[in-house]
Structure formats: structure tokens, C-alpha cells
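Below, chains carry the letters A, B, ... as their sequence lines are ordered, and counting in each starts from 1. Excluded from the calculations below are hydrogen atoms, water molecules and symmetry mates; all remaining heavy atoms, backbone and side chain alike, are included. Remember, predicted model here, so these are calculated numbers, not experimental data.
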Amino acid sequence: MDSKVDYKATLNLPKTDFPMAGNLARREPEILAEWQKQGIYERVLKAHERDPVFVLHDGPPYANGHIHYGHILNKILKDLVVKSRTMEGHRVPYVPGWDCHGLPIELAVDRELGPKKAGMSKAEVRRECDAYARRFMASQREEFQRLGVFGDWERPYLTLDHSYEESVVRALATFARDGYLYRGKKPVYWCAHCRTALAEAEVEYQDHASPSIYVRFPLEGDPAEIDPALAGARASVVIWTTTPWTLPTNLAVVLHPTFVYVAVPVALADGTEHLPEYLIVAKELAHRFLAACHLTSDPSGWIELPPEKSALLRGRRYQNPVGRTPKEPDFRVGFAAHVTLAQGTGLVHTAPGHGMEDYLYGQEHGLDVYAPVDDAGCYTADVPRWQGRNVHEVNTDIVSALHASGHLLSDPKDTITHSYPHCWRCKQPIVFRATPQWFIALDHAGLRKRSLEEIDRTRWIPPWGRNRIFGMIEHRVDWCLSRQRVWGVPIPCFYCDDCGATLVDAHVMEHVAEIFAESGSSAWFDRPAEALLPPGTRCQCGSQKLRKEEDIVDVWFESGVSWAAVCEGRKDHGVPVDLYLEGSDQHRGWFHSALLTGVGTRDRAPYKAVLTHGFVLDEQGRPYSKTEIEKARREGRTIEYLPPEEIIKKQGAELLRLWVASEDYRNDVVYSQNILDQLGESYRKIRNTVRFVLGNLFDFDPAKHAVAVADLQPLDRYFMGKLGRLCDRLRTAYEEYEFHLVFRALIDYCAVDLSAYYFDILKDRLYCDAPTAATRRSAQTVLYETARSLATLMAPIFAFTAEDVWRHLPRRKGDPESVHQARFSAPPDVPAGELEEEMPVLERLREATQKALEEFRAQKNKTIDAHVWLTLPMAEHLVAVKHEEALADYLVVARVDLQVGDERRTLVRRAEAERCPRCWKRVVARDGDLCPRCAAATTPARAPGGTTG
RNA sequence: GCACCUGUAGCUCAGCGGCUAGAGCGGGCGCUCGAUAGGCGCCGGGUCGGAGGUCCGAGUCCUCCCGGGUGCACCA
């Protein structure tokens, strides 16, 4: 009989039910079901009932489609915050929300309804939208929960909730009351065929041939004031445009303040002019311009107008032959930085009612938002010459008229093919047209300035977020609140049918808010105006014939007030909340709208800190999102996209949690199957390390067997101290939201400190000592604390696995059922001793020995059979001698002999002593003898062969 | 076009003015078979995106360029 087999049965080998394989795809749903059953979210909150509150307010994802990796990154990050802050000792309520109104849903519903929609009322369409939003909310909710994210999933907030809509209207009322809300005009995409405003998403770009014309506008006054050389001459500013129909709406010609212009003398083709004619264009574009117009001019006669001279053009009047009624020819030259030299003449025809930049320029310079074009895309009575004519059709007429009057410089038949916006539905070219809209005035009551101040009172993580949002708020234009759509919260204003006045009244709005609280915003569409107004409401003209506003409010305003709608009402919340956490695009979005609504209605930012993360990219650095994949597909590129559902089905959600935790979210994060597989390796390393610990605690009861710190074996004490420092580091990293450092430190600790080092040494004591030996209990005490600490510290990231670890851990009195109800474990303090200074020396010896042993092992030897001679310099020798007794165990070799030398040398031989058949240490004199330790461990009850019969 | 962010081994990250730039994982090789779909050891692998500059000294500070991302603008 081979005695080895027998002795194996006398060892204290690890025993545990904690499986080696995670089997996460199967195990996670079981854990989720248990959490669900025990109401884990409420339980966790309950466990922290008396702790200080920390509120992470959820930014609502859009209730459309399935979740993608961006959602996963965001939600898991939030969950890491919630779980880590909880375990650090806070009460952390988390109420998930959904953004339910807005265009994408409305469009999706349009598509589902098809032609049916034509016969439906607004209210009916809205009911379809409502159902659609709820459907996707429900599916996303399941998908988020599957990730192990804790939250109040039973009572999420939806922006279509009655109480939420009420809050939106109340916020509007506050803005109205304090005078921020006004009605103005702003250019929007407009489809004349469908007679509707279009959102960005509804616009398609197609190639389109447009007229390309150069037009001169004669300057009034004496050009000699600009340059004496122009004395007695005539001068014109020259513009280029592809939309002749906008010329009647021209209100300005704009130059760039730093470009050099030239006045180019030409002889015009019609020969009617007697005086020399100078055409003013940007110097850099002069040749191109002349060529395009088939004009010639000797450059020697050009008069250069450097910025200081062209500046004299500022405010100068010019004539526009097709411009606004000749009675008020107040066209003036101006300057702006948006002028470019890419095309044209370096002088920009500006029509504030029909172009965004033109509009902004007009706003700055007090120009009218002049848009004499009606819903059908036809000129109004303001343009008598072409009244009632469609602007696209009238283009050729306008070109002819300019040609006839001698103002057209180019060939009337010139065209240019470029991409031009078309209506996504009817495919007709669209126009840019100013229509009346509702705005919030940024500079009313210092809203902008106070918002900027609030930005500096907020903590931005990472810090550059501050600059980003600061610049945006600093430069943004007034907030256009209205949308010509049906799926949203109506703007609760009215119009007087008799005098046309607008009724913007905070009291009326508050009244509407109450109706919405009761019946939802659908009431606006279901009920007549009288039923929505407080009884007896009249226009200031005395009329009671009031008409409802048709526009709805921008969805960013809706989500922007979530802090009010969701957080203010809850007793465990409180505004400002501790943290907003979203993708960096939300500087322009939610962080922005929340800031403005917060400052506008409560005079403060609704958050104390804002954390942003980057985007998810694939391995090639391209955005990894469904829309991006689809786009690529359309363009004939292929990008592989495995939807997260499939990953979860195959590998579970835990790996996705590790992915989120392992990446530095401040940058863009890369997702790929390869990365996930790598994480799988790390996962297994950690899992097995923990499994080893659990296995060696099978006979350990902390209440009975724990050894006091002072009585621990030196190495154990050292590792208890190391553990304490690890815990401190990890908690700080959690606190600072540096999850990837937590992950890194966990891996490194498990792989390097524990598995390859501590445990390697410990195995002998754990397996071979008598079960109750003080030396073994000492090791188990540290293992136990290690397991506790790992289980709790890994719990925010390894939400599922940590739960299983916790369940397999010997219980201590008062331990909660779930690890998520526990706090981060703090191992006992270890007073700093001289060991802390000596260990690095020993560790160097260990490393050197291992290298030296490599050759020994290559000759089919076991390191446990090695006899090592260490020649050490005095400093190292002194330390080594001090620990001479333990050194062989520490290096996991048979025997170590020390001597002093000039430099470190290692010599390895096979040990001469015989092997103890139980512990394999070469310490016995005679083959077959047990070493004293093993002899003691096996007597009397566990004599060799005794257990196997 | 403008602004901001970003670029260290195959992958994920450390390193934040000073020894021949590190770790984990992956890879290669070997050992073990008492953590075994595991454990241990060793090895190879980087002109720190590029070019200038400041400095006794730069992955680390400055400037420019290149690649990637985001936002804005343009395209209208």
C-alpha cells in the first residue's frame, strides 16, 4: 500500500461548496430572484436608516429601444457609487427614471401607425406614444435589473407621470412669474409641403442644384470716406448666395473684422455706368470671384482695404434692389467672426429670418427677425412683388430681376450642386424660416451670470467638466423652449382671439399644473380652453375668447427639472443632491438644463457634484453603439455588434460590471469580446483565490478560534497589516470614484500578494499542522479577515460573486444575510513593528531564490527538495539570520544555510535529509519516518492507515 | 473650422521632474499534481503617438503636428 495516499487523508485540505466555476449565466438569475424575494433594495436602505443620506439622482435614459453598452456603462457606474457609498456607511436611495416624451417616440409611433395616423386626434396619437414609452421603459427596466443594479425599480420616475408634468408646468410658471419667459422668433427647419417645422432628426441631406449668384449692392454716400482713392467713384459690396429667394429678406451685409478686402475697378457689361465701378470683395477671393463672373480687372488698379480701412464700412448703408420695401432701406454693413473665405466673396448676405448665423448676428445687432414667408413657403404681403409665390419657384424670377437691373454680376444660369436639406417624409427641399417660439431669457435677472457662479460652486469630476459647461453657458443664446409637436407637455399659454395678445400668467399656469397633477397633460388636448383656465379669466382687452397654445415644451426642460419633480418631494432626498453622473455629452444636455432650471427657479444648482464618463468605443476606436453600427452598415462598412443581451445570456452580467469597473471612465472606454475574455481570466483568478480562502476556513469559527493580533505568527501579522492597508486604499479609491484602481488593487492583491506569495507559504501550515494548532489558527484568523474584507470590498463591483462568497463565509454574530447590507470590513489594527521594515529584505531574498531555483526545477526537481545556500551582504544577512528558523518555510524549500559575502549569491543543491511522507519536507533522518510535527498531528486518533482501515 | 478631452507592452491600467519605464492578464517555456477546467516559477515583449523646446535631468512641464473621441459651428 502506498503510504502517500493514506497520509493525504490526514491532511486538512480545503473543503468548500463554493464552486470553482462561476457559472454566472445560470447563477446570477438565482441570486437576482432571491434579492427580489427579500426586497434587497428596501433592506439595504433599512440597514442604513440612521446613516447620513447620499443622493445620486438618476438621469433618465430615453424610453426607446433596448439598452446598449453606453447605458450599461452609465448604470453600472451609478450602481458602483450607490453600493460603495452604502457600504461606506450612507443611506443611498436610488430612484431610476425615464425620459418618456419627445420626438423619437413620436416618430416611432408615426411609423407604427402608418396612414392610420391621419385620421387620429392629437389626444389619440398621444395615447399611442404613452403606451410605446411604457413598453420600452418596462423592457429597459428588466435589462437594467439584470445587471444587478439596485434601485427603487417598483417606483421609478417617468417624465410622463402626472406629478412630473405638474412639476414641469410649475417650473414654467416660476419662469413666467419672474419674467424670463417670452415669445420671440427664431429660424427653424420648415417643410412647406408638409407645412410643419422639422427637427434635426427629420432632415435628410441630398444633392441639389441651386442657383449660384454674385450680386452687388451699391453703397450709399461718398466712398472717398473709406479710401481717398475712391473719390468720385461708385462702389458696391458684393455677396454670393445659393438662395436668391432670401435676398428680399436681406437686412445686412457682413464682413470679417480681420480680413483684407479690395476694391476692384471693373467695367460692367451693360455699359450703362459712366463712373468707374469698384466692387468690394475679400482680397483672397478676388480672383476667383472675377473668374466666376467673367470679369477682368488689372490688379494694379485695385485699392487694398486692410482691416483699419474696411472698418470704415461699418454701419454704411447700401441698396438692395429686391430688398425690403424701398421706404425703409436701412441696410447696413456690419462685421462678424463667422464670415469665412471658403466660398463666395468674404461678404455675407445676411437674412436674420432665414439663417441661423444670420439670426444670431441679428440678435446681437438688434435686427428684426424678418421672415415674410408663410407656412406654405410663399411670400407674404410684405413682399408685394412676389406675394403668394413659392420661394423655391421664385428663385429664377429674382435672378432675372437682378440681371435686368444690372446688379447680378454672374451668369444667371450658373448653378452649384451641393447637399441641401430635404424633408425626410416628402423629400422636398426645405427652407429655413423664423417662426414664433417661446424662450427663456438667459440674461434676464442675471440668470447666465448666476449660473456661471453656481458652476464654480459645483465639484466637476473630472475637473475639466467645469470649463466645458462654463463655456457653453457663457456663450449660449436664449433657450428656445417650444416645439411644434404633440408628444410632450404643452406650454400652458393662451392667445386672445380678439386682440391677439398672449396670455403668459403664472397663476393660470399654476391652475393648469393642478389639472395636470390630477389628469395629466392630456387634459390640455382633451379639454377646451375654458376648462383649463381659472374661472373668469380674461384677456387684458376684456375678451374671454382665449385659444390654447399648440406648442409643447422642449424635452430638455422636462428632464432638466427632474430634481424638482423627483427629489424635492421625497423626504430622504433633498436638493441640491450629492451627485449627477452621466456621459460627457450631458454638459450640453441634462447638466445644462438642470443648472438653468435650478438657478432660474431656486437660485442654485441642483447638484453638489457632477461626474462624467466617456463614450464606449470598439477596438478600432469607433463609437460602439447600435446607431453607429447601423450607420456603418448603411455605408457598407461592417462592424460586429453583439447585443449585450447575448453576452449576458452566455457569460452573465458580472463580467460587464468588471468591464465598467476596470476601465478609466474619464476617457472613452473600449469594449470588445477580447477585453471581456481577458476580464474573465481576472475574474477566475480572484474567484479561485477567494475559493482557496473559503476552503481553508471549513473548520474555523471566528468566535471560538480567532487568534488575537498580538499572538499571530509574524508572517500572519504582517499580512493582517497589509490587509488593513489594502482596505484603506480601496475605500479611498471608492470614495474618489476611482473604481479602476479598486479593481486593479483587488487583482494585484489576490494574484501577487495572496496567491503567489502568502498562500504558497501558508499551505504547509494549513494542511499539515494539527487542525487546532495555534499556528494553523493564526493563519486561519488572517484568512478569515481576508475573506471578509475581500467579500465586502469587492461587493460593489462583483455584486453577484461577493454575495456567494459572503454566504460561504463563517458567520460572525450580527452579520446580515446579504453582503450588500454589510459595511466595508475593517480588519483589526496591527501596530507597526520592525517586521514591516524587514519584510522587504526577505521578499528580495525570496525573489532571488526563486530565480535560482529555476534551474533546479528544470532538472525535474521540486523546490521543496532544495537546499539553498544564501551568501548575503551584511545588511541582508542580519535580517535573514534573525528569521533563520522560519526561512526554509518562507522560501518553501527544504533547508536554508546563511553566510556573509560581498554580494548576494544563491546556491541550490538537493537536500540530503529524507522526506517526511506526510508533509514532504526533507527534515527526517530515515525514510518513512514522520517529522515530529506530523507525528503529533496524526496521533493518536489519526495514525497512518487508521482512517483508511 | 473652433473648443475640450485623449494617445505608456497584444489587452486593461500604474507612473504626476530624478536609479537600466512598472503591474496584472494574455503569449512562450518549464515545474507541480495535497486550490486541479487549479497552483508555482522563469522568459520574451515598449524609440512612453511624432517633432521641437525648457531643464544638470522629461513618459512626466511648454509649443507645434498627427491619430482617436465628444461638443459646437459650417454645409443651408
Item checked: Candidates B/C25, B/C5, B/C72 - which lies nearest the side chain of A/Trp464 -> B/C5
Margin query: So if I take every side-chain heavy atom of A/Pro623 and compare against B/U70, B/G26, B/U36, which nucleotide ends up nearest?
Written below: B/U70
Notebook entry, point to check: Starting at NZ of A/Lys860 and ending at P of B/U32, how long is that distance when rounded to a whole Å?
Noted result: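 These atoms are roughly 6 Å apart.
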Note to self: What is the separation between atom CG on A/Asp760 and atom C1' on B/U36, rounded to the nearest whole Å?
What the structure shows: 15 Å
Margin query: Ignoring hydrogens and geometry beyond distance, is the side chain of A/Arg666 in donor-acceptor contact with the base of B/U6 at under 3.5 Å?
Written below: no
Notebook entry, point to check: Does any N or O donor sit under 3.5 Å from an N or O acceptor when you compare the side chain of A/Gln850 with the base of B/G41?
Noted result: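 Not at all, since no donor on one side and acceptor on the other fall under 3.5 Å apart.
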Below 4.0 Å: OP1/OP2 of [N] and any side-chain N or O of [X]:
X        : N     : answer
A/Ser755 : B/C40 : yes
A/Lys685 : B/C40 : yes
A/Arg691 : B/U36 : yes
A/Arg684 : B/G38 : yes
A/Tyr767 : B/A35 : yes
A/His587 : B/C5  : no
A/Lys862 : B/U32 : no

Next item on the list: Verify whether one side chain among A/Ser755 and A/Lys685 offers a donor that lies under 3.5 Å from an acceptor in the other.
Entry: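 Yes, because at least one side-chain N or O of A/Ser755 sits under 3.5 Å from a partner of the opposite role on A/Lys685.
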Notebook entry, point to check: With distance as the sole criterion, is a donor-acceptor pair present between the side chains of A/His613 and A/Ser584 under 3.5 Å?
Noted result: no
Check: Less than 4.5 Å apart, any side-chain heavy atom of A/Thr689 and any of A/Ile686?
Finding: no
Notebook entry, point to check: Is A/Trp920 stacked on the base of B/G34 when the test is centres under 5.5 angstrom and planes under 30 degrees?
Noted result: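 A stacking contact exists, since A/Trp920 sits close and nearly parallel to the base ring of B/G34.
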Notebook entry, point to check: Is it true that A/Arg765 and A/Asp769 have a side-chain N and a carboxylate O under 4.0 angstrom from each other?
Noted result: no
Say you pick atom [atom1] in [N] and the same atom in [M]; how far apart are they, in whole Å?
N     : M     : atom1 : value
B/C61 : B/G24 : C1'   : 30 Å
B/A14 : B/U8  : P     : 11 Å
B/C5  : B/C75 : C1'   : 26 Å
B/A51 : B/A9  : P     : 16 Å
B/G44 : B/C29 : P     : 15 Å
B/U6  : B/C13 : C1'   : 15 Å
B/C48 : B/C31 : C1'   : 35 Å

Next item on the list: Tell me what A/Gln678 touches on the nucleic acid: a base, only sugar-phosphate, or nothing, going by heavy atoms under 4.0 Å.
Entry: base
Check: Contact class for A/Ala756 (heavy atom, under 4.0 Å): base, sugar-phosphate, or nothing?
Finding: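 Sugar-phosphate: the residue A/Ala756, judged by heavy atoms under 4.0 Å, touches backbone atoms but no base.
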Next item on the list: Quick one: do A/Tyr359 and A/Val477 satisfy side chain to side chain contact (heavy atoms under 4.5 Å, CB included)? Show the steps, please.
Entry: CA-CA 11 Å; A/Tyr359 167 80; A/Val477 296; 5.7 Å; no
